[in-house]
Amino acid sequence: MRRVAPRVRFAPSPTGYLHVGGARTALFNWLYARRHGGTFVLRIEDTDVERSSADMVTGILEGLRWLGLDWNEGPEVGGPHAPYFQSERLDRYRTAASQLLTAGHAYYCYCSADRLREEREKAEARGEAWRYDRACLSLSAEKVSELEAAGAPRAIRFKVRTGSTGFDDQVKGRIEFDTAHIEDFVILRSDLYPTYHLSVVVDDIDMAITDVIRGDDHISNTPKHVLLFEAFGATTPRFAHVPLILGADKKRLSKRHGATSVTEYRRQGYLAEAMVNFLALLGWSPGDDRELMSMNELVESFSLDGISGGNAVFNTEKLDWMNGQYIARLPVDQLAKAVEPFLGEAGLWPPLVSGIDQAWLHRLLDLLRPRAKRLTDFVDLARPFLVDTVEFDPEAIEKHLSTSGLAGHIAALKGTLDTAIPFDEPHVETAVRGSAAERGIKPGVLIHAVRVAVTGRTTSPGLFEVLALLGKARTIARLDRLLLFLATRS
RNA sequence: GCCGGUAUCGUCUAGGGGUUAGGACACAUGGUUCUCAACCAUGGAACCGGGGUUCGAAUCCCCGUACCGGUACCA
């Protein structure tokens with residue numbers, strides 16, 4: 001019974017590429033917004049100047065667009081709450097910080113980084129936790145002016161109230177914290193840049209965010225945020241913390257696990273639709289047995305209730321299967337469009353041999369697609385069809401080209417093949433089987449040898465389809481080459 | 001250490017006081033067949049442990065364990 005349309009946001013930090021975990025968080029936000037007719041805001045949290053970069057922003061936007069996760073407000077599209085880069089909202093955070101200062105919710109801290117670090121180390125040596133000791137909370141006026149005169153750098157800390165705080169998480173349920181465990185955290189650094197806690201809360205207030213859907217790793221930050229919302233006199237949004245995505249070793253996903261950025265998956269030949277479908281099912285379920293779901297189905301079925309509690313291991317085998325399913329179902333013209341760049345990169349497209357056009361490519365792709373898990377698989381699969389001459393695989397030579405009398409059989413087959421009119425699958429099959437019968441050999445002998453002749457390999461799509469697609473001229477040419485090979489070998 | 005979270009086949013998950021604990025990937029076997037896939041069928045495979053509550057617990061509660069996250073003038 002929602003009264004207002006929800007406003008959700010995805011707020012990546014451009015200190016790295018868009019990894020699959022972030023992509024899934026974005027997807028959940030996007031689905032939630034779509035499901036409830038809400039607004040999906042994209043906000044760039046680039047307050048860490050040291051580690052943020054414009055290239056990363058570009059990469060993140062690209063990744064989101066590839067996945068089809070468009071944003072209603074944010075970079076490049078603007079919106080009523082612009083700007084959507086935190087680095088352009090610095091004044092706002094400074095104002096907010098001084099607002100808390102005057103309201104008595106915050107205070108200046110002159111403690112040096114060295115002192116803080118030392119205290120922390122000492123405590124750790126004792127096996128204790130150290131929380132900021134509020135040394136600067138009750139500084140005398142004299143001391144303050146002394147420090148100011150000395151030009152001591154000052155940060156602003158939030159004064160954490162006593163008691164407890166909590167929130168009703170949409171995924172985890174009620175979560176309660178004793179504020180005794182929360183230190184007076186810095187909200188404005190001495191360089192006047194806000195920390196994450198300040199900027200995120202200020203922006204969520206300013207941008208009227210109603211639902212914060214983010215990673216599990218933010219749970220322990222949330223009480224700080226709740227405290228801030230409280231201090232600003234703002235309504236806290238609903239929170240939903242989604243479990244993390246882990247590698248096969250159940251550790252947080254990192255480069256060690258291979259590909260982690262969505263761009264990398266695109267490069268490896270995964271379809272965006274498959275990626276989205278797979279990601280959606282990592283940590284979420286529609287509640288029934290559906291697996292293959294379109295964007296529209298996902299939108300219609302999405303609910304925070306379906307998010308599971310535990311972390312999920314990223315299972316590449318299942319992604320591969322799913323990608324294969326999408327490859328199998330993709331309309332052939334779209335498939336061609338998706339495959340061409342990969343063929344092009346391998347120097348196979350546009351093709352160097354004549355007689356190859358779009359229609360022919362479509363037939364080829366239809367032949368190959370049940371054998372492909374990724375778009376990159378098409379390169380290897382399609383190669384024999386797009387080149388002039390094929391290399392004979394050593395294993396194939398040994399397995400299928402050592403039959404005695406093979407040259408004679410092949411020569412005879414050439415003649416029979418001439419009678420295949422038209423040169424289509426059924427006629428080719430009749431010709432090959434007929435030829436085998438005439439020579440008194442099993443069809444398999446001929447089939448396997450011809451397969452090697454035309455593809456160079458032991459495996460390929462059904463031979464008769466292959467020959468029909470290749471056409472009579474190319475087939476005969478390859479048989480001649482086989483004959484030549486056989487002759488020079490003996 | 002402290003704070004918080006999570007726990008169903010190897011993996012993703014459904015379910016949830018009484019079920020033969022369901023599906024998917026992967027795996028195995030069989031079918032199809034000219035090979036390889038795809039496809040179809042079949043099979044093996046799970047409720048972390050211990051206490052409670054209850055006629056009955058995988059399900060609710062507590063404890064433990066394991067794992068994950070946080071513990072910054074990073075986000």
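Residue numbers start from 1 in every chain, and the chains themselves are labelled A, B, ... in the order their sequence lines are given, proteins ahead of strands.
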If you measure only the distance, is there a donor-acceptor pair under 3.5 Å linking the side chains of A/T403 and A/H409? no
Strictly by modelled atom types, are A/H181 and A/D178 linked by a side-chain donor-acceptor pair under 3.5 Å? no
For [N], which nucleotide in any strand shown is its Watson-Crick or wobble partner with both distances under 3.5 Å?
N: B/rG4; answer: B/rC68
N: B/rC39; answer: B/rG31
N: B/rC73; answer: none
N: B/rU20; answer: none

Using only atom types and a distance under 3.5 Å, with no angle test, would you say the side chain of A/R369 pairs donor to acceptor with the backbone of A/I327? yes
Donor-acceptor contact present, side-chain A/R131 to main-chain A/A180, <3.5 Å: yes
So which nucleotide from B/rA38, B/rA75, B/rU11 ends up closest to the side chain of A/H197? B/rA75
For A/E398, does the CD atom have more than 12 heavy-atom neighbours from other residues, nucleotides or ligands under 6.0 Å away? no
Any residue in [range] with a heavy atom nearer than 4.0 angstrom to RNA chain B? Just list them by number, or reply none.
range: residues 371-386 of chain A; value: A/R371, A/K373
range: residues 283-292 of chain A; value: A/G283, A/S285, A/G287, A/D289, A/E291
range: residues 314-322 of chain A; value: A/N315, A/E317, A/K318, A/W321

Check side-chain hydrogen bond (donor to acceptor under 3.5 Å, both in side chains) between [X] and all other residues, then give those that pass, not counting sequence neighbours.
X: A/E465; result: none
X: A/D206; result: A/R89, A/R92
X: A/D55; result: none

Distance between the [atom1] atoms of [N] and [M], in whole angstroms?
N: B/rG64; M: B/rA21; atom1: P; answer: 31 Å
N: B/rC48; M: B/rA7; atom1: P; answer: 9 Å
N: B/rU33; M: B/rA38; atom1: C1'; answer: 12 Å
N: B/rG49; M: B/rC9; atom1: P; answer: 10 Å

Below 4.0 angstrom, N of the basic side chain to O of the carboxylate: do [X] and [Y] qualify?
X: A/K251; Y: A/D249; value: no
X: A/E291; Y: A/K318; value: yes
X: A/E118; Y: A/K122; value: no
X: A/D377; Y: A/R374; value: no
X: A/R363; Y: A/D366; value: no

Separation of atom [atom1] in [X] from atom [atom2] in [N], rounded to whole Å:
X: A/E176; N: B/rC3; atom1: CD; atom2: C1'; answer: 13 Å
X: A/L368; N: B/rU35; atom1: CG; atom2: P; answer: 18 Å
X: A/Y193; N: B/rA75; atom1: OH; atom2: P; answer: 11 Å
X: A/F85; N: B/rA75; atom1: CZ; atom2: P; answer: 17 Å
X: A/H181; N: B/rG1; atom1: NE2; atom2: P; answer: 15 Å
X: A/F278; N: B/rC12; atom1: CZ; atom2: C1'; answer: 7 Å
X: A/K172; N: B/rG69; atom1: NZ; atom2: P; answer: 12 Å
X: A/L282; N: B/rC12; atom1: CG; atom2: P; answer: 8 Å

Test side-chain hydrogen bond (donor to acceptor under 3.5 Å, both in side chains) applied to A/R371 and A/T459, step by step: CA-CA 11 Å; A/R371 292 160 180 80; A/T459 66; over 6 Å; no
Position toward the 5' end of RNA chain B (nearest nucleotide), A/E128 or A/H218: A/E128
Map A/Q86 and A/I175 onto RNA chain B by nearest heavy atom, then report which one ends up closer to the 5' terminus. A/I175
Which of these passes ring pair (Phe, Tyr, Trp, His ring centres under 6.0 Å) with A/W284: A/F302, A/F28, A/Y32? A/F302
Which of A/F232, A/Y196, A/F167, A/F239 passes ring pair (Phe, Tyr, Trp, His ring centres under 6.0 Å) with A/H225? Answer is A/Y196
Enumerate all atom pairs, one protein N or O and one N or O from nucleotides 28-34 of chain B, separated by less than 3.5 Å.
residue, atom, partner, partner atom, Å
B/rC34, OP1, A/R433, NH2, 2.8
B/rC34, O2', A/H448, NE2, 3.2
B/rC34, O2, A/R451, NH1, 3.3
B/rC34, O2, A/R451, NH2, 2.5
B/rC34, N3, A/L463, N, 3.1

Applying side-chain hydrogen bond (donor to acceptor under 3.5 Å, both in side chains) as the test, list every pair that has at least one member in residues 184-195 of chain A; sequence neighbours left out. A/Y107-A/D184, A/R134-A/D184
Any ring-ring contact (aromatic ring centres under 6.0 Å, His included) involving residues 115-136 of chain A? Give me the pairs, sequence neighbours left out, ordered by first then second residue. none
Base, backbone or nothing for each nucleotide of nucleotides 60-66 of chain B, written B, S, -, heavy atoms under 4.0 angstrom, 5' to 3'? -------
What are the atom names and distances for every N/O pair under 3.5 Å that joins the protein to nucleotides 71-74 of chain B?
residue, atom, partner, partner atom, Å
B/rA72, OP2, A/R120, NE, 3.2
B/rC73, O2, A/S190, N, 2.7
B/rC73, O2, A/S190, OG, 2.9
B/rC73, N3, A/S190, OG, 3.0
B/rC73, N4, A/C111, O, 2.9
B/rC74, OP1, A/R189, NH1, 3.2
B/rC74, OP2, A/R189, NE, 3.2
B/rC74, OP2, A/R189, NH1, 2.3
B/rC74, O5', A/R189, NH1, 3.2
B/rC74, O3', A/R189, NH1, 3.3
B/rC74, O2', A/D48, OD2, 2.6
B/rC74, O2', A/R51, NH2, 3.0
B/rC74, O2, A/R51, NH2, 3.0

B/rA37 OP1/OP2 closer than 4.0 Å to side-chain N/O of A/Q325: no
Would you mind classifying the nucleic acid contact of A/K442 as base, sugar-phosphate or nothing, using non-hydrogen atoms under 4.0 angstrom? nothing
Who passes side-chain contact (heavy atoms from CB on, under 4.5 Å) against A/P194, sequence neighbours left out? A/T47, A/L90, A/Y93, A/L188, A/L198, A/S199
A/F392 ring center near A/F485 ring center (under 6.0 Å): yes
